[in-house]
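Here's the structure we're looking at; comments come further down.
No experiment lies behind these values; they were computed from the predicted model shown. Keep in mind that the numbers below use all heavy atoms, side chains included, and drop hydrogens, waters and symmetry copies.
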Amino acid sequence: SVIYLIFIGVNMASTSDFRNGLIINHKNNLWKIIEFLHVKPGKGGAFVRTKLKNIRTGQVVDETFRAGEKIETIRIEARNFNYLYNDGDLYYFMDNETFDQISLNIEKINDIKEFLIENTQTTIAFNGDDPIEVRIPQHMNLKVKQTDPGFKGDTAQGGTKPATLETGLIIQVPLFIEEGETVRIDTKDKRYIERVK
């Protein structure tokens, strides 16, 4: 007789299924793969070197898996939300389809809070009813709140200066950028891309 095992919301996979952004259950915690490298040494078995980010705490660890090792992947559901406002350590988001509001503690959004302005479009990943991660666009346009004036004639040197954006984030911008202008930012590297006309 054949026995069928059914996993609800949990998928078994192996190291060959690794990809950046995959969320796995490892040592009773949820981790997101942020980097991985398949290694085939001359001697001994192949293995996979990974950098994992703890979904709960944000802690990043190096972990090595044997090639072909079985892992448990988490099936997540991602929904689009609009960032509304924050009240102390609580950040409020509204579901774009149902208009339901949810509030998330600052721990859940620590690495993106410097980019949140009213009406930022976000994607929130859920494991069941549990919101486990908030994603923001990789490129965002933000207004420069404060920066020292640039000096005429300096523009060709390619120099930079610090600028405080409307969210409080401080980044390096070219000398010709002035207060009140809008700049496009790479949210992953927290760096200036271009001035937005």
Side-chain angles (χ1 to χ4, degrees), residues 19-23 31-37 50-62 76 78-97 99 101-126 131-197:
R19 61 180 192 279
N20 286 343
L22 184 70
I23 293 176
W31 302 85
K32 178 179 176 179
I33 298 175
I34 48 179
E35 270 174 40
F36 68 97
L37 178 68
T50 63
K51 263 198 190 339
L52 302 177
K53 181 179 178 181
N54 188 310
I55 293 283
R56 294 258 176 277
T57 66
Q59 173 198 16
V60 175
V61 299
D62 294 312
I76 56 171
R79 300 207 301 267
N80 293 326
F81 281 78
N82 207 346
Y83 170 66
L84 299 174
Y85 64 94
N86 77 302
D87 181 7
D89 282 354
L90 287 179
Y91 287 71
Y92 291 84
F93 297 82
M94 182 176 74
D95 188 313
N96 288 352
E97 284 178 19
F99 304 112
Q101 286 186 28
I102 63 168
S103 62
L104 298 180
N105 208 313
I106 194 164
E107 279 85 63
K108 284 237 166 59
I109 55 124
N110 232 338
D111 46 353
I112 61 156
K113 70 173 188 289
E114 295 167 315
F115 297 105
L116 289 178
I117 51 171
E118 203 177 303
N119 290 325
T120 299
Q121 293 299 315
T122 65
T123 303
I124 301 183
F126 289 85
I132 56 174
E133 186 183 29
V134 182
R135 300 174 190 148
I136 54 172
Q138 183 164 355
H139 297 143
M140 287 179 67
N141 298 339
L142 294 171
K143 202 176 239 133
V144 176
K145 200 165 83 181
Q146 194 277 318
T147 189
D148 293 331
F151 301 103
K152 295 227 178 321
D154 263 359
T155 52
Q157 308 306 314
T160 62
K161 60 182 179 178
T164 305
L165 304 179
E166 58 187 307
T167 57
L169 175 67
I170 298 173
I171 62 162
Q172 292 295 318
V173 298
L175 297 172
F176 58 80
I177 295 293
E178 293 176 14
E179 280 180 21
E181 289 192 302
T182 300
V183 292
R184 182 174 281 269
I185 304 300
D186 183 315
T187 59
K188 207 164 157 224
D189 302 332
K190 298 189 180 179
R191 68 180 171 81
Y192 166 90
I193 301 175
E194 61 187 356
R195 175 163 57 180
V196 180
K197 288 280 187 277

- Query: If only atom types and distance count, is the side chain of Asn86 paired as donor or acceptor with the main-chain N or O of Gly88 below 3.5 Å?
  - Reply: yes

- Using only heavy-atom distances, determine whether the side chains of Gln121 and Asn96 contain a donor-acceptor pair under 3.5 Å. yes

- Message: Are the side chains of Ile106 and Lys113 in contact, using a 4.5 Å heavy-atom criterion?
- Response: yes

- Item | Min side-chain heavy-atom separation Ile23-Trp31 under 4.5 Å | no

- Query: Quick one: does Gln146's side chain get under 4.5 Å of Glu179's, heavy atoms only?
  - Reply: yes

- Establish, for the pair Arg184 and Tyr192, whether the NZ or CZ atom is under 6.0 angstrom from the six-membered ring centre and no further than 45 degrees off its axis. no

- Item | Pair Asn141, Thr182: side-chain N/O donor-acceptor within cut-off below 3.5 Å | no

- Task: Kindly compute the distance separating CD1 (Ile124) from CG (Asn80), expressed to the nearest 0.5 Å.
- Result: 9.5 Å

- Any donor and acceptor pair, going by atom type alone, linking the side chain of Thr187 with main-chain N or O of Gln138 inside 3.5 Å? yes

- Message: Pair Ile112, Tyr83 - check side chain to side chain contact (heavy atoms under 4.5 Å, CB included), show working.
- Response: CA-CA 12 Å; Ile112 61 156; Tyr83 170 66; over 6 Å; no

- Query: Can you check side chain to side chain contact (heavy atoms under 4.5 Å, CB included) on Leu142 and Ile117, steps first, answer last?
  - Reply: CA-CA 9 Å; Leu142 294 171; Ile117 51 171; 3.7 Å; yes

- Message: Would you say that Phe81 contacts Val134 through its side chain, given a criterion of any heavy-atom pair below 4.5 Å between the two side chains?
- Response: no

- Query: Does the side chain of Asn119 come within less than 4.5 Å of Tyr85's, by heavy atoms?
  - Reply: no

- At what distance, to the nearest 0.5 angstrom, does CZ of Arg195 lie from NZ of Lys197? 4.0 Å

- Compare all side-chain heavy atoms of Val183 with those of Ile177 and state whether any distance is below 4.5 angstrom. yes

- Here the pair of heavy atoms bringing Tyr92 nearest to Leu90 is OH-CD1, 3.7 Å

- Item | Verdict with supporting geometry, Lys190 and Asp111, salt bridge (charged side-chain N to carboxylate O under 4.0 Å, His left out) | CA-CA 11 Å; Lys190 298 189 180 179; Asp111 46 353; over 6 Å; no

- Sub-3.5 Å donor-acceptor pair from the side chain of Thr167 to the main-chain atoms of Glu114, do we have one? yes

- Message: Quick check against the 3.5 Å criterion: does Glu35 have a side-chain atom that pairs as donor or acceptor with the backbone of Lys51?
- Response: no

- Query: Could you go step by step and tell me if Asp62 and Leu52 meet the side chain to side chain contact (heavy atoms under 4.5 Å, CB included) rule?
  - Reply: CA-CA 6 Å; Asp62 294 312; Leu52 302 177; over 6 Å; no

- Message: One pair to check against salt bridge (charged side-chain N to carboxylate O under 4.0 Å, His left out): Lys161 and Asp148. What are the steps and the verdict?
- Response: CA-CA 8 Å; Lys161 60 182 179 178; Asp148 293 331; over 6 Å; no

- Task: Answer yes or no: is there a side-chain heavy-atom contact under 4.5 Å between Leu165 and Ile171?
- Result: yes

- Query: Hey, mind stepping through Thr147 and Glu178 against side chain to side chain contact (heavy atoms under 4.5 Å, CB included) and telling me if it holds?
  - Reply: CA-CA 7 Å; Thr147 189; Glu178 293 176 14; 5.6 Å; no

- CZ of Arg191 to CG of Asp186, rounded to nearest 0.5 Å, is 4.5 Å

- Query: Looking only at heavy atoms, which two atoms of Met140 and Phe115 are closest? And how far apart?
  - Reply: CE-O, 3.2 Å

- One should read off an interatomic distance between Thr122 OG1 and Leu104 CG, to the nearest 0.5 angstrom, of 8.5 Å

- Smallest separation among heavy atoms of Arg135 and Ala125, with atom names: NH2-CB, 3.9 Å

- Nearest heavy-atom contact between Lys32 and Ile55 is CB-CD1, 3.9 Å

- Item | Asn105 (side chain) donor-acceptor with Lys108 (main chain) under 3.5 angstrom | no

- The reported gap from OG1 in Thr50 to CZ in Phe36 (rounded to nearest 0.5 angstrom) is 10.0 Å

- Query: Roughly how far apart are Glu107 CD and Asp89 CG, rounded to 0.5 Å?
  - Reply: 7.0 Å

- May I ask you to test the Phe126-Arg79 pair for a side-chain heavy-atom distance under 4.5 Å? yes

